[in-house]
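Residues take their numbers from the sequence shown, with the count starting at 1.
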Amino acid sequence: LGIFLIWGLILSLFVAYNAKFALTTVFTYFAHWAIFFLIGLKAKPEHRKTILMIWLFSMLLVALMSLIALLGWIDVYRLSNEGLLKGFQSHIRFGTLLLIAFHFVFALFLNPKNILKQTIGLGLFATILLVMIVLTGSRGVWFAAAISIFGATLHAIFTNRKRKLAIALVVIAVALGVIVSLSANIIHERIRRTGTDDPSYVFRKNNATMALWIIEDRPLTGIGPGQVPYAKSYFDRMADENLELESGYLKKRHLHSMYLHVGAELGLPGLMLLIGVLICFIWMAIIGAKSQEAFPKTMSYGFLWATVAVAIGEMLDCLLRGPSVAMELFFFAGIIAGIAAENSDSHIGERNQSN
């Protein structure tokens, strides 16, 4: 993460068209990534469970408020508009946050030390979250949810964590999701129009084309952090090729894929560093899941699949640019880093004692 930020500073000073905006972009990454990672890292072990549960119930509360707005019982535009759940932000960001929450709740649900009441309550919680994800209407989030939940379920089966309950919950939740998607007109319409002629598909395909042009021309350095709005020659080339974008020169902020966006702005080294950060998150979660204590192990399992979900979703969006998804993911990454460090220290201590 530190190397990523330093690389961004170098490109801002020596490559970017607009150095001021480039430096602002790097500071944004620092503010949304590094600061929240450090805050999570400093969370005391005895506070971690309280922090997670407050966050989860906060997400549930916002989701229920958004549902009430969707049903027309209250009129709050930022909670729900266009027939979708928004939760005070875009439906994509809100859907991703709900998906992160789902993976934490799913991991808690699979904790073998739960009593029956806890299992029932957490199963209901997870089912509600999955239905809410459907109602956000984000097809990219649906895609990330389908793959990551399937992976998390297989993981539970292979690690022998309540295998039958995991499968039962997923089947029930998916069935409810299908019913909701068929009964909600706007959701049904979004499913129906999905295809190669869908504007969302066309725009993402054209964004990918522009990103690949930039990477091909400048594979080492890219055009500099935050410089997509100023890449006039590429916007002109898109117009010459009759490739339509959802916004143009000086208005466009990102390229609808975090990987292509970072590759275009920070070059292939920046892209590899971003992928490295996500791999480190997964590795920390794997180490944390070796904990002998139930909650750190459970939280690590949840974070592992939440990271996978975000990593998949970033193929189609740029949510890690910040703030909401980036801040939440890096904050929890800091907590998991603390768990992993404690687990590593305990194993070192055990080895020293055995020696």
So CZ of Phe88 and CG of Leu97: to nearest 0.5 Å the spacing works out to 13.0 Å
Tell me, yes or no, whether the heavy-atom count around Asp240 atom CG, taken from other residues, nucleotides or ligands under 6.0 Å, exceeds 12. yes
- Run the ring-centre check on Tyr301 versus His155 and record whether the distance is less than 6.0 Å. yes
Review point. Ile128 versus Leu60: any side-chain heavy-atom pair under 4.5 Å?
Key: yes
Exactly one of Phe109, Phe106, Phe57 clears ring-ring contact (aromatic ring centres under 6.0 Å, His included) with Phe125, and that residue is Phe57
Can you tell me if CE on Met53 sees more than 12 non-hydrogen neighbours from other groups inside 6.0 Å?
-> yes
Is there a side-chain contact between Leu245 and Phe235 in this structure, where contact means two heavy atoms from C-beta onward sitting under 4.5 Å apart? yes
query: With the threshold set at 4.0 Å, does a side-chain nitrogen-carboxylate oxygen contact exist between Glu342 and Lys290?
result: no
- Message: Before you tell me yes or no, could you show the steps for His103 and Ile149 under side-chain contact (heavy atoms from CB on, under 4.5 Å), namely the whole-Å CA-CA distance, both residues' side-chain angles and the distance that decides it to 0.1 Å?
- Response: CA-CA 8 Å; His103 279 295; Ile149 293 172; 4.0 Å; yes
Of all heavy-atom pairs linking Gly140 and Leu316, the shortest is CA-CD1, 3.9 Å
| request: Decide yes or no on side-chain contact (heavy atoms from CB on, under 4.5 Å) for Leu154 and Phe158, but give the supporting numbers first. | output: CA-CA 6 Å; Leu154 284 181; Phe158 289 136; 4.3 Å; yes
A side-chain contact here means heavy atoms from C-beta on lying under 4.5 Å apart; do Thr136 and Ile92 qualify? no
* Counting N and O atoms only, with roles assigned by atom type, does the side chain of Asn343 sit under 3.5 Å from a partner on the main chain of Ile287, one being a donor and the other an acceptor? -> yes
Is it the case that over 12 heavy atoms from other parts of the model lie below 6.0 angstrom from the CZ atom of Phe143? no
- [ ] Spell out, yes or no, whether Leu85 and Tyr77 are grouped together once hydrophobic residues are joined by side-chain heavy atoms under 4.5 Å, including indirect joins.
- [x] no
Minimal heavy-atom distance between Asn114 and Leu108, with the atoms involved, is ND2-O, 2.7 Å
For this session: Determine whether the side chains of Asn207 and Lys252 contain a donor N or O and an acceptor N or O closer than 3.5 Å.
Result: yes
CG of Asp75 to CG of Asn81, rounded to nearest 0.5 Å, is 10.5 Å
Review point. Are the side chain of Trp142 and the backbone of Ile133 linked by a donor-acceptor contact shorter than 3.5 Å?
Key: yes
Q | Leu38, CG: over 12 other non-hydrogen atoms inside 6.0 angstrom | A | yes
Hits for ring-ring contact (aromatic ring centres under 6.0 Å, His included) against Phe21, two or more places apart or cross-chain, chain-then-number order -> Tyr230
**Message:** Let me check something: do Phe37 and Ile6 share a hydrophobic cluster, defined by ILVMFWY side-chain heavy atoms less than 4.5 Å apart, either directly or through other members?
**Reply:** yes
All heavy atoms of Leu304 vs all of Ala285, minimum pair found to be CB-CB, 3.6 Å
- Is there side-chain contact between Lys232 and Tyr17, with at least one heavy-atom pair below 4.5 Å? no
Test side chain to side chain donor-acceptor pair (under 3.5 Å), reference Asp317, set His261, Arg204, His254, Arg93, output is Arg204
Verdict with supporting geometry, Phe4 and Trp33, ring pair (Phe, Tyr, Trp, His ring centres under 6.0 Å): CA-CA 11 Å; Phe4 180 92; Trp33 295 8; 5.1 Å; yes
Distance col, row Phe330:CZ vs Leu1:CG, nearest 0.5 angstrom, shows 6.0 Å
Can you hop from Leu64 to Leu79 via hydrophobic side chains spaced under 4.5 Å?
yes
Checklist entry - Does a side-chain heavy-atom distance below 4.5 Å link Ile223 with Val15? => result no
Between Ala63 and Leu98 the two heavy atoms that sit nearest each other are CB-CD2, 4.0 Å
Begin from the C-alpha positions of His256 and Cys318 and carry the test side-chain contact (heavy atoms from CB on, under 4.5 Å) through to its verdict. CA-CA 6 Å; His256 268 297; Cys318 291; 5.6 Å; no
Correct closest heavy-atom pair for Pro269 and Pro219 would be CD-O, 3.8 Å
CD1 (Ile120) and CD (Gln118) are apart, to the nearest 0.5 Å, by 11.0 Å
| said: Do Val62 and Phe94 make a side-chain contact, defined as non-hydrogen atoms from C-beta onward lying under 4.5 Å apart? | reply: yes
| field | Candidate pair Leu129 and Val105, rule side-chain contact (heavy atoms from CB on, under 4.5 Å), full reasoning | value | CA-CA 9 Å; Leu129 287 172; Val105 174; 3.8 Å; yes
Leu99 and Leu320: same hydrophobic cluster, using ILVMFWY side-chain contacts below 4.5 Å?
yes
Q | Gln227 side chain to Glu265 backbone, donor-acceptor under 3.5 Å | A | no
Heavy-atom nearest pair, Ile215 first then Ala264, reads CG1-N, 3.7 Å
Around atom CD of Glu246, are there more than 12 heavy atoms from other residues, nucleotides or ligands closer than 6.0 Å?
yes
Would you indicate whether the side-chain heavy atoms of Arg139 and Asp198 approach each other to under 4.5 Å? yes
So OH of Tyr259 and CE of Met315: to nearest 0.5 Å the spacing works out to 7.5 Å
- Message: So Leu212 and Leu260, do their side chains get closer than 4.5 Å, heavy atoms only?
- Response: yes
Here the gap from Phe295 atom CZ to Glu293 atom CD, rounded to the nearest 0.5 Å, amounts to 10.5 Å
Open item on the list: Would the distance check show the side chain of Thr209 and the main-chain N or O of Lys205 forming a donor-acceptor pair, the cut-off being under 3.5 Å?
Closed with: yes
List the steps, then state whether side-chain hydrogen bond (donor to acceptor under 3.5 Å, both in side chains) holds for Asp217 with Tyr234.
-> CA-CA 11 Å; Asp217 291 345; Tyr234 292 99; 2.8 Å; yes
Which of Glu314, Met258, His32 passes side-chain contact (heavy atoms from CB on, under 4.5 Å) with Arg321? Answer is Met258
Item checked: ILVMFWY network linking Leu278 to Met327, side-chain heavy atoms under 4.5 angstrom -> yes
